Amino acid sequence: MRGGKMKCFIRRIFVAAIIIVIWFVIAEGVNPLFIPGPDLVLRGIISLFDSGQLSAGIIFSFKRVTMASIFSGGLALVFGLFIYSIKYIRELLYPIVKTMRYIPVTAFYPLLIMWCGIGEIMKITFLILVTFVSMMPAVVLALNNVNPDLVDTGKTLGMNRIQVILMVVLPDAMPSIFENFVLLISIGWTYVPFVETINAKYGLGYIIHQSSSRGRTDLVFASIAMIMIISVICDKLAGFIGAKMFKWRYLKQDD
């Protein structure tokens with residue numbers, strides 16, 4: 001098992017090295033204004049770190065994404081359980097919930113500016129909206145995919161509706177809900193550069209916007225690289241936490 005993981009790790013390092021080499025070769029024949037080389041991007045990351053912009057940007061962007069993800073995740077879970085628990089409501093709203101993923105959320109950005117202004121509330125609200133329309137269908141789908149035999153077993157044991165939902169349905173659906181919550185955080189990081197273009201003093205998106213307007217493409221690439229790195233770290237950390245929280249799920253997959 002360890003040998004397989006080591007081989008997989010080596011392959012990933014090899015692929016990453018090939019990508020960097022190709023990037024370096026392409027950048028050599030292109031104006032750095034359009035495609036900066038890996039060395040320029042690395043220097044950009046170091047310069048942002050030395051100036052304190054990088055740490056401040058990561059902190060502010062992380063705070064926005066985390067607040068929005070937790071709020072929208074909790075909201076989606078509450079509404080999902082409400083829809084699932086009442087058959088009439090489930091049959092009425094489930095078709096609507098399934099289409100939420102196709103809502104062009106960016107179209108609401110001008111409206112949010114009009115409703116909430118251009119301050120921090122607007123930024124958090126937009127990220128909540130972006131993540132909620134993805135999380136809500138995922139929660140409802142996870143609840144609907146619970147094995148009916150488990151529900152019937154709970155009823156046979158004398159559980160009432162609330163007990164069945166809390167002690168049978170929710171525990172069985174939680175691994176899938178957690179996996180989608182991890183994806184939710186990645187979606188939030190994807191939209192951070194967009195939401196931080198207006199009236200933001202800090203954030204990785206702010207750095208991207210300001211650097212782009214000044215022709216500092218190296219700093220734009222550096223900020224994008226940091227967003228990707230942070231997203232990967234969050235994904236790996238969440239995967240580790242999920243493996244500890246839902247050991248039975250991973251043991252079932254291994255079997």
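In what follows, residues are counted from 1 in the order of the sequence shown. If you're wondering where the values come from, they're calculated on a predicted model, not measured in any experiment.
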* Kindly indicate, with the supporting measurements, whether the criterion side chain to side chain contact (heavy atoms under 4.5 Å, CB included) is fulfilled by Tyr84 and Asn144. => CA-CA 7 Å; Tyr84 177 84; Asn144 283 339; 3.6 Å; yes
* Steps toward side chain to side chain contact (heavy atoms under 4.5 Å, CB included) verdict (Val21, Phe24) -> CA-CA 5 Å; Val21 170; Phe24 186 82; 5.6 Å; no
* Residues Arg12, Val15; criterion side chain to side chain contact (heavy atoms under 4.5 Å, CB included); working and verdict -> CA-CA 5 Å; Arg12 289 176 180 176; Val15 171; 5.8 Å; no
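Taking the six-membered ring where the residue is Trp, the centroids of Phe194 and Tyr109 are separated by under 6.0 Å.
Cluster annotation: Leu92 is connected to Ile96 through the hydrophobic network of ILVMFWY side chains, with a link wherever side-chain heavy atoms come within less than 4.5 Å. Two different hydrophobic clusters hold Tyr202 and Ile59 under the rule that ILVMFWY side chains link at heavy-atom gaps under 4.5 Å. Two different hydrophobic clusters hold Leu40 and Ile46 under the rule that ILVMFWY side chains link at heavy-atom gaps under 4.5 Å. In the hydrophobic clustering of this structure, Val78 does not group with Leu166; members are Ile, Leu, Val, Met, Phe, Trp, Tyr whose side-chain heavy atoms approach within less than 4.5 Å, directly or through other members. When the side chains of ILVMFWY residues are joined at heavy-atom separations under 4.5 Å, either directly or via intervening members, Ile20 and Phe34 end up in two distinct hydrophobic clusters.
At most 12 non-hydrogen atoms from other residues, nucleotides or ligands lie less than 6.0 angstrom from CD1 of Ile162. Residue Ile121 places its CD1 atom among 12 or fewer non-hydrogen atoms of other residues, nucleotides or ligands, all under 6.0 Å distant. Within a 6.0 Å sphere centred on CE of Met159, heavy atoms belonging to other residues, nucleotides or ligands number more than 12. The neighbour count for Phe108 CZ, taken as heavy atoms of other residues, nucleotides or ligands under 6.0 Å away, does not exceed 12. Applying the 6.0 Å contact sphere to OH of Tyr191 captures no more than 12 heavy atoms from other residues, nucleotides or ligands.
The main-chain N or O of Val168 is never found under 3.5 Å from a side-chain atom of Asp172 such that the two would form a donor-acceptor pair. One N or O on the side chain of Trp23 and one on the backbone of Pro36 form a donor-acceptor pair closer than 3.5 Å. A donor-acceptor contact shorter than 3.5 Å links the side chain of Gln163 to the backbone of Asn160. A donor-acceptor pair under 3.5 Å is absent between the side-chain atoms of Ser61 and the main chain of Ile58, judged by distance alone. Of the possible polar contacts, none joining the Ser211 side chain to the Ile208 backbone as a donor-acceptor pair under 3.5 Å is found. One N or O on the side chain of Asn199 and one on the backbone of Ile118 form a donor-acceptor pair closer than 3.5 Å. Between the Ser223 side chain and the Ile207 main chain, no donor and acceptor come within less than 3.5 Å of each other. With Asn145 contributing its side chain and Leu141 its backbone, the two residues share a donor-acceptor pair below 3.5 Å. Checking side-chain atoms of Thr190 against main-chain N and O of Ser186 turns up a donor-acceptor pair under 3.5 Å. With Thr131 contributing its side chain and Ile128 its backbone, the two residues share a donor-acceptor pair below 3.5 Å.
Judged by the 6.0 Å distance and 45° axis criteria, Lys63 is positioned over the aromatic ring of Phe60.
Inter-residue side-chain proximity for Met122 and Ile113 is flagged as met; some heavy-atom pair is nearer than 4.5 Å.
Residues forming a salt bridge (charged side-chain N to carboxylate O under 4.0 Å, His left out) with Arg101 (at least two apart in sequence, or on another chain): none. Qualifying side-chain hydrogen bond (donor to acceptor under 3.5 Å, both in side chains) partners for Arg90, counting only residues two or more places apart in sequence or in other chains: none.
Of the candidates Arg64, His209, Lys123, Arg64 is the only one forming a side chain to side chain donor-acceptor pair (under 3.5 Å) with Glu196.
Contact record, Pro137 with Met100: CG-CB, 4.0 Å, taken as the closest heavy-atom pair.
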